[in-house]
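Below: the structure, in structure tokens.
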Amino acid sequence: MRLILFVSAWLFCLGAAHAAAPAPAPTTAGTRLDHILLWGRGIDQVTSVMSVKLGFQVRPGHDTDGVANRYIRFADSSFIELLGITGPDPKFDPGMEEDQQALKGGPGSRTFGFRSSSLDAIHQSLQALKYAVTPFFSGPDSAKPGWRLFAFDRAPLSSNTFFIDYASNYAPDQFDPANADDYRITREHPNGARELTSIWLVSGNAEADRHELEKMGFGHAVPVKLPAVAAAGFCVPVGPTALLLLQPDGAGLAEQTMTHGGPRILAVSFGVSDVERARRWAERGYERSLPTYRGQWGESVLAPTQDDLGLFIEFHAMKANNAPCSTASR
């Protein structure tokens with residue numbers, strides 16, 4: 001009897017230990033920041049700002065159910081998706097509708113994506129951690145899908161996010177996706193932009209975003225201060241890219257953004273082949289002098305795009321083997 005009681009107690013403790021064991025963190029190796037969804041006041045307005053004032057090459061998209069999109073694609077596979085309302089009764093998906101309500105019909109961005117080839121493993125891990133992940137969606141053609149993604153029913157971060165991956169031959173902005181010359185040319189920009197390197201989130205609580213991001217498998221946060229926008233928080237490496245989790249640090253651009261628009265994407269950084277060329281292009285576009293400063297990626301310039309785009313665009317000099325967050329401004 002005593003042996004039976006001992007074995008029963010041992011099995012009970014073993015079961016309790018298993019029940020109490022925390023779910024493993026998601027495997028995020030190979031994940032990187034992929035793209036943002038950027039709303040303009042209209043599709044032609046946002047296209048004009050990005051091309052004429054800033055020097056990006058804007059690629060064609062589609063106009064479906066009163067919402068048009070266009071693309072700015074980069075050599076590192078990342079991109080910006082431009083969005084604009086074109087009809088009186090546009091049909092939004094749930095993410096678009098939430099963005100439009102938060103942006104109040106104005107320009108800006110509240111949604112970005114992670115790209116990973118391990119979507120199933122990440123999805124399962126996040127489910128085990130009790131995140132409200134959605135089922136998988138694929139498109140644009142269910143018979144021959146070019147992309148596959150899942151999102152969240154309740155956003156874990158201060159801005160919305162999703163995880164996505166693509167078919168190897170998917171290039172919606174190209175007539176012939178297999179044409180290597182077309183692929184290369186469509187990712188070359190007059191301003192010299194080559195890569196999307198970081199996305200800046202601003203909220204009232206950078207620590208809350210850092211905690212959730214670490215729980216999702218993205219740790220190694222580095223404290224950071226950005227005097228250019230009067231913000232402080234954390235730089236979190238995501239593969240070769242970085243996610244900046246910020247909150248206002250005194251009076252300045254971050255505080256103004258929070259006051260007038262609430263949590264959102266504050267800025268996006270792009271590596272350029274010639275930072276002086278990018279600076280001069282933005283200076284001509286905005287008819288003012290723009291100073292350079294030392295940012296998290298080195299020599300940088302901040303284009304004054306908030307009134308036009310609802311966020312800022314940062315250009316910085318590209319550096320070989322420059323690990324994300326290794327030179328974060330502290």
Side-chain angles (χ1 to χ4, degrees), residues 29-38 40 43-44 46-64 67-84 109 111-119 137-149 162-199 238-242 268-275 277-278 281 297 309 313-322 324:
T31 303
R32 60 158 295 143
L33 297 177
D34 185 59
H35 73 281
I36 69 166
L37 306 181
L38 176 56
I43 194 63
D44 291 333
V46 69
T47 298
S48 176
V49 171
M50 298 302 283
S51 58
V52 177
K53 289 187 174 183
L54 295 174
F56 290 104
Q57 179 186 177
V58 180
R59 302 291 302 156
H62 303 280
D63 189 340
T64 305
V67 178
N69 72 339
R70 291 175 184 166
Y71 300 96
I72 299 173
R73 308 190 75 90
F74 301 99
D76 67 342
S77 81
S78 62
F79 65 99
I80 306 173
E81 183 172 0
L82 306 179
L83 296 167
S109 179
T111 300
F112 70 97
F114 297 94
R115 180 175 183 176
S116 176
S117 59
S118 304
L119 289 186
F137 302 94
S138 60
D141 181 357
S142 58
K144 190 179 179 182
W147 51 262
R148 182 169 173 256
L149 69 80
F162 56 90
F163 286 81
I164 192 168
D165 197 21
Y166 305 92
S168 59
N169 62 346
Y170 181 66
D173 61 309
Q174 291 182 230
F175 176 73
D176 180 9
N179 189 309
D181 288 335
D182 283 356
Y183 185 94
R184 174 181 54 81
I185 292 170
T186 56
R187 283 146 180 80
E188 295 178 350
H189 301 277
N191 61 16
R194 299 286 294 165
E195 58 187 5
L196 186 156
T197 52
S198 59
I199 296 172
V238 183
T241 58
V268 187
S269 299
F270 299 97
V272 297
S273 56
D274 184 345
V275 71
R277 178 184 179 88
W281 197 293
W297 298 96
L309 302 177
I313 298 292
E314 182 190 63
F315 298 113
H316 65 83
M318 295 175 63
K319 289 186 178 180
N321 303 318
N322 191 13

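In this text, all values refer to a predicted model and were calculated from it rather than measured experimentally.
Of all the heavy atoms in Ser198 and Trp297, the pair that sits closest is OG-NE1, 3.4 Å. Closest approach of Ala193 and Phe74 over heavy atoms only: CB-CE2, 3.8 Å. Minimum interatomic distance between Gly239 and Pro324 (heavy atoms only, all atoms of both residues): O-CG, 3.3 Å.
In this structure, Phe56 and Leu82 have side chains that are not in contact, with every pair of non-hydrogen atoms separated by 4.5 Å or more. Taking the side chain as every heavy atom from C-beta outward, Phe114 and Ile164 never approach each other to under 4.5 Å. For the pair Glu314 and Thr197, the minimum side-chain heavy-atom distance is 4.5 Å or more. Taking 4.5 Å as the limit, some side-chain heavy atom of Leu309 sits within range of a side-chain heavy atom of Leu54. Inter-residue side-chain proximity for Asp34 and Phe163 is flagged as unmet; no heavy-atom pair is nearer than 4.5 Å.
Looking at residues two or more places apart in sequence or on another chain, you find no salt bridge (charged side-chain N to carboxylate O under 4.0 Å, His left out) involving Asp63. Residues passing the side chain to side chain contact (heavy atoms under 4.5 Å, CB included) test with Arg194, sequence neighbours excluded: Ala75, Glu188, Met318. Applying the salt bridge (charged side-chain N to carboxylate O under 4.0 Å, His left out) criterion to Arg277, with sequence neighbours excluded, gives no partner residue. In terms of the side chain to side chain donor-acceptor pair (under 3.5 Å) criterion, residue partners of Glu81 (sequence neighbours excluded) are, by chain and number, Asn69. Residues satisfying the side chain to side chain contact (heavy atoms under 4.5 Å, CB included) test with Tyr170, not counting sequence neighbours, are Pro140, Trp147, Tyr166, Ala167, Pro172. Every side chain to side chain contact (heavy atoms under 4.5 Å, CB included) that Asp165 has, sequence neighbours left out, goes to Arg115, Ser117, Leu119. Considering only residues two or more places apart in sequence or on other chains, Asp176 meets the salt bridge (charged side-chain N to carboxylate O under 4.0 Å, His left out) condition with none of them. In this view, His189 satisfies the side chain to side chain donor-acceptor pair (under 3.5 Å) rule with no residue, not counting sequence neighbours. Checked against salt bridge (charged side-chain N to carboxylate O under 4.0 Å, His left out), Asp44 has the following partners two or more places apart in sequence or in another chain: Arg70. Checked against side chain to side chain donor-acceptor pair (under 3.5 Å), Ser109 has no partners two or more places apart in sequence or in another chain.
To the nearest 0.5 Å, atom CG of residue Asn179 and atom OG1 of residue Thr186 are 9.5 Å apart. Interatomic distance, CD1 of Ile72 versus CZ of Arg187, reported as 12.5 Å (0.5 Å rounding). Rounded to the nearest 0.5 Å, atoms OG1 (Thr241) and CG (Asp76) are 8.5 Å apart. Atom CG of residue Asn191 and atom OG of residue Ser273 lie 8.5 Å apart, to the nearest 0.5 angstrom. Summarising the geometry, atom CZ belonging to Phe112 is positioned 14.0 Å from atom OG belonging to Ser78; distances are rounded to the nearest 0.5 Å. Atom OG1 of Thr111 sits about 9.5 Å away from atom CG of Leu83, to the nearest 0.5 Å.
Using a distance-only test at 3.5 Å, with no hydrogens or angles considered, no donor-acceptor pair links the side chain of Thr31 to the main chain of Ser116.
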Step by step, work out the side-chain contact (heavy atoms from CB on, under 4.5 Å) result for Trp281 and Phe315.
CA-CA 11 Å; Trp281 197 293; Phe315 298 113; over 6 Å; no
Test side-chain contact (heavy atoms from CB on, under 4.5 Å) on Ile199 and Ile36 and set out the steps.
CA-CA 8 Å; Ile199 296 172; Ile36 69 166; 3.5 Å; yes
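Residues Phe162 and His35 bring their aromatic ring centres within 6.0 Å.
A cation-pi geometry, defined here as NZ or CZ lying under 6.0 Å from the six-membered ring centre and within 45° of its normal, holds between Arg73 and Phe79.
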